[in-house]
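See below for the structure under consideration.
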Number of protein chains: 2
Amino acid sequence: MVGTMSVSVRDVAKTAGVSVGTVSNVLNNPDKVAAKTVAKVHSAIDELGFVRNDAARQLRAGKSRCIGLVVLDVRNPFFTDLARGAEDAAAEHNMSVLLANSDETSNRELAMLSLFEEQRVHGVLVTPVSDNLEPFIKARERGTPIVLVDRRSHDKNFSSVSVDDVAGGYLAASHLIETGKKKLAFAGGPISIQQVTDRLKGASKCTAEHPDVTLEIIPCRSLSILSGREIGEEILRRPKPNRPDAIFAANDLVAIGIMQACLTTDEISIPQDLGLIGYDDIGFAATAIVALTSIRQPTHEMGARAVELLIQEAEQTDGKRKVTRIEFQPELVIRDSTSMVSQQH
Amino acid sequence: MVGTMSVSVRDVAKTAGVSVGTVSNVLNNPDKVAAKTVAKVHSAIDELGFVRNDAARQLRAGKSRCIGLVVLDVRNPFFTDLARGAEDAAAEHNMSVLLANSDETSNRELAMLSLFEEQRVHGVLVTPVSDNLEPFIKARERGTPIVLVDRRSHDKNFSSVSVDDVAGGYLAASHLIETGKKKLAFAGGPISIQQVTDRLKGASKCTAEHPDVTLEIIPCRSLSILSGREIGEEILRRPKPNRPDAIFAANDLVAIGIMQACLTTDEISIPQDLGLIGYDDIGFAATAIVALTSIRQPTHEMGARAVELLIQEAEQTDGKRKVTRIEFQPELVIRDSTSMVSQQH
DNA sequence: CTGAATTTATGAATCGTTTCAATGACTTAC
DNA sequence: GTAAGTCATTGAAACGATTCATAAATTCAG
């Protein structure tokens, strides 16, 4: 019997000739119910087309089995990979991930946070737009666990999962120097983003150790392909002696933009005239026109670990809050955009 | 007073010295409450850090204010744009969109559908993985409105929002022919995807009208950049006379892959030796190495209209189901990859 | 000043699930 | 044959917001 009216456990119980408690047990603790009864209940469920009402379940449970994830930009493969890691880890705990997109604006970020709070999600993972963590502190005080992803907490107040971006910057610059480059440039911005600053810091540290190497800083409006193209075009306008011989871009999108600009002319070839290295190792890096050398972050694992931290934090019923800050080490992935040897096209 | 224990309307009522009904009215019908009382209640809410429990609210309401959206691939900009259109339209009705990702597998699709049903979402928008719509028919019979997006329903059973892909295919082929190309090729697959078949159908129809023009079909594993590259490499391996002089790719990702393969050599230049046109006009098309001509779909509006249809369908309380099928017309966007004139690099 | 009309406020009932103390049925041990 | 256990099932209470019939307070007309 199928219909548009709502079917409840009570209806199932009546049809199966058992009590509501038994139906609930069939759904949640099947081993506590006699096999014969389980069968009866299941057939009633099928017959009536019963679908468990999650709102009622949550109401009783006090918390939902969903985890909120607020990222800066769903279009950036880095974040969708991270989301996938979170989903996989959540699935192991029988939970789901709700993906939300702050679009780098505080307003949207706050709206999503409120939505998640009202939903009584198990917790919220967030890459905050700004340094002002006040709303998250408030939310946590109200009982919603919060974990920062891809971002260390300044105030050591939040658990977080991040990557050592200073080390990543060092790695990138050091690799460029090893390939014989001397006039390095760092392309990235806005500097309000912590990741950008850290990557630059690491690169500076490395170049400081090499007296014969210089590091120019080329600011950029946003971490997008378009910004990268603008930078590339600017470099093409320069007289040759003023051009860097290698660029470390703050992320892969910027690097790809620079690459596109350079390859529209014959003036600059990669990597001979210009070594190029990106950051994040998004899937697109390997398939770029000239396969892009990049700094890989354990994206999937970051998402997964963040979920673990969140669940752990949610279990801390006592007043004490244990703050755990996980920091991964980045990894250099060498491809054609810096390596003369493996040029195979 | 801030704490980790849950604050309910009852607590707010006690603190404000009013009844629970009044608190509820302040939240939902502020005009029915005296201004002074509203103020009292609001200050109690702030003092206690009250956050409305959405589960309880939904339980009473019977339905949530969320719309589920299941797409094939969140990484494809086409779908994130569509999602954005849906979000905007939903926001106007004071609703939210939950974005889920079927990854083109039926299993995940079904899991997400169940999740949404249990959540008693207002309705579900879906681009189905396969032709088997049985689970969706069942879900709708149980009371969850369903609208198909980017997909016409075969059985005329579902409301849907789609684009006339046959017309789009015709448009693409016709443009290539106008630029003087004679040996066309269509690159796309798998053919189980309705969009692919329709686009090819439109292109065939057009070439059939031109006796001096041929159309080759180059199948492809998936609609990804990687598949496109493989096709490009295959073409490069052919002796020149066997190469097409223009390719219509089933989507932009494939077109970009082909472009990448061609630009690693000097053998083929775009558009002189090979005209190239994609489909979807994703943001990346305009910023590709050679700006890509494409067929634009009103992505944002499709998402928005789908939400409107869904809400309309949800309001149909009577038994009659009105099926509305909206079909948009695609639009040609000419860029450098087919146009000799505007080559400006 | 009274009765009617209008504006505000009340609080018990409700939504559907889960929980848990209590009951019943049925073994097993002595 | 009885006491002590198991094992399976029961059903009322609880979760927290909303609704709505009702009551109270206020305004207004005459």
Side-chain angles (χ1 to χ4, degrees), chain A residues 5-42 44-45 48-65 94 114-115 117-122 142-144, chain B residues 4-42 44-45 48-65 94 114-115 117-121 142-144:
Chain A
M5 63 293 177
S6 194
V7 179
S8 77
V9 274
R10 226 170 299 274
D11 303 316
V12 174
K14 207 186 301 168
T15 303
V18 299
S19 74
V20 291
T22 299
V23 176
S24 176
N25 276 331
V26 169
L27 261 41
N28 304 296
N29 309 85
D31 15 323
K32 294 198 184 269
V33 182
K36 213 172 58 183
T37 315
V38 172
K40 265 197 303 185
V41 171
H42 271 139
I45 286 177
L48 298 173
F50 166 78
V51 176
R52 193 216 247 102
N53 184 326
D54 198 52
R57 186 222 223 331
Q58 277 184 214
L59 175 56
R60 190 69 237 274
K63 259 184 184 270
S64 93
R65 301 199 66 75
N94 207 7
S114 296
L115 185 67
E117 271 197 274
E118 292 191 0
Q119 303 231 37
R120 297 289 192 278
V121 293
H122 215 79
R142 286 186 222 108
T144 301
Chain B
T4 176
M5 63 295 176
S6 194
V7 178
S8 77
V9 274
R10 225 169 300 274
D11 302 315
V12 173
K14 206 185 303 167
T15 303
V18 299
S19 74
V20 291
T22 301
V23 175
S24 176
N25 276 332
V26 169
L27 260 41
N28 304 296
N29 311 85
D31 14 324
K32 296 200 184 265
V33 182
K36 213 173 54 183
T37 315
V38 172
K40 264 196 306 186
V41 171
H42 270 139
I45 287 177
L48 298 173
F50 166 78
V51 176
R52 195 215 248 98
N53 184 326
D54 199 52
R57 184 212 212 351
Q58 275 183 215
L59 175 56
R60 190 72 236 273
K63 257 183 187 274
S64 94
R65 300 199 67 75
N94 207 9
S114 295
L115 186 66
E117 271 198 272
E118 292 191 0
Q119 303 233 34
R120 297 290 193 276
V121 294
R142 284 185 223 111
T144 302

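Proteins get letters first, then strands, A, B, ... in listed order; numbering begins at 1 in each.
With sequence neighbours excluded, the residues that form a side-chain contact (heavy atoms from CB on, under 4.5 Å) with B:Asn29 are B:Asn25, B:Lys32. Every residue two or more places apart in sequence or in another chain was checked for a salt bridge (charged side-chain N to carboxylate O under 4.0 Å, His left out) with B:Arg120, and none qualifies.
Shortest non-hydrogen contact noted between B:Val18 and B:Val41 is CG2-CG2, 4.0 Å. Across all their heavy atoms, A:Ala16 and A:Ala44 have their closest contact at CB-CB, 3.8 Å. Across A:Glu117 and A:Thr144, no two heavy atoms sit closer than the pair CG-OG1, 3.8 Å.
Note on the helix from C:dC1-D:dG30 to C:dC30-D:dG1: terminal axis deviation equals 40°, with five pairs used at each end and the result rounded to 10°.
Between A:Ser8 and C:dG16 there is no side-chain polar atom (N or O) within less than 4.0 angstrom of OP1 or OP2. Phosphate proximity of C:dC15 to A:Asn53: absent, as no side-chain N or O sits under 4.0 Å from OP1 or OP2.
Distance CZ/A:Phe50 to CG/A:Leu27: 5.5 Å, rounded to 0.5 Å. Rounding to the nearest 0.5 Å places CD of A:Gln58 at 10.5 Å from CD of B:Glu118. Here the straight-line distance linking atom CG of B:Asp54 with atom CG of A:Leu59 works out to 11.0 Å at 0.5 Å rounding. Remark: A:Ser64 OG to B:Asn53 CG distance equals 10.0 Å, nearest 0.5 Å. Summarising the geometry, atom OG belonging to B:Ser114 is positioned 11.5 Å from atom CD belonging to B:Gln119; distances are rounded to the nearest 0.5 Å.
Atom-to-atom, NZ of B:Lys63 to P of C:dG16 comes out at 14 Å; the value is rounded to the nearest Å. Remark: P of C:dT10 and NZ of B:Lys14 are 15 Å apart, rounded to the nearest angstrom. Atom-to-atom, CG of A:Asp54 to P of C:dT17 comes out at 10 Å; the value is rounded to the nearest Å. A straight line from CD of A:Gln58 to C1' of C:dG16 spans 13 Å, rounded to a whole angstrom.
Considering A:Ile45, A:Asn28, A:Val7 as possible partners of A:Arg52, the one that fulfils the side-chain contact (heavy atoms from CB on, under 4.5 Å) test is A:Asn28.
Around atom NZ of A:Lys14, no more than 12 heavy atoms belonging to other residues, nucleotides or ligands sit under 6.0 Å away.
When each of B:Ala56 and B:Gly17 is assigned the nucleotide of DNA chain C bearing its nearest heavy atom, the one mapping closer to the 5' terminus is B:Gly17.
Taking the 5' to 3' direction, DNA chain D first and last meets chain A under 4.0 angstrom from a heavy atom at D:dA8 to D:dG16.
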Would you list the protein and nucleotides 11-14 of chain C atom pairs, both N or O, that sit under 3.5 Å from each other?
unit_1, atom_1, unit_2, atom_2, d
C:dT14, O2, B:Arg60, NE, 3.2

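Residues from residues 30-40 of chain B that place a heavy atom under 4.0 Å from any atom of DNA chain D: there are none.
Under a 3.5 Å cut-off, the side chain of B:Thr15 and the backbone N or O of B:Asp11 do form a donor-acceptor pair.
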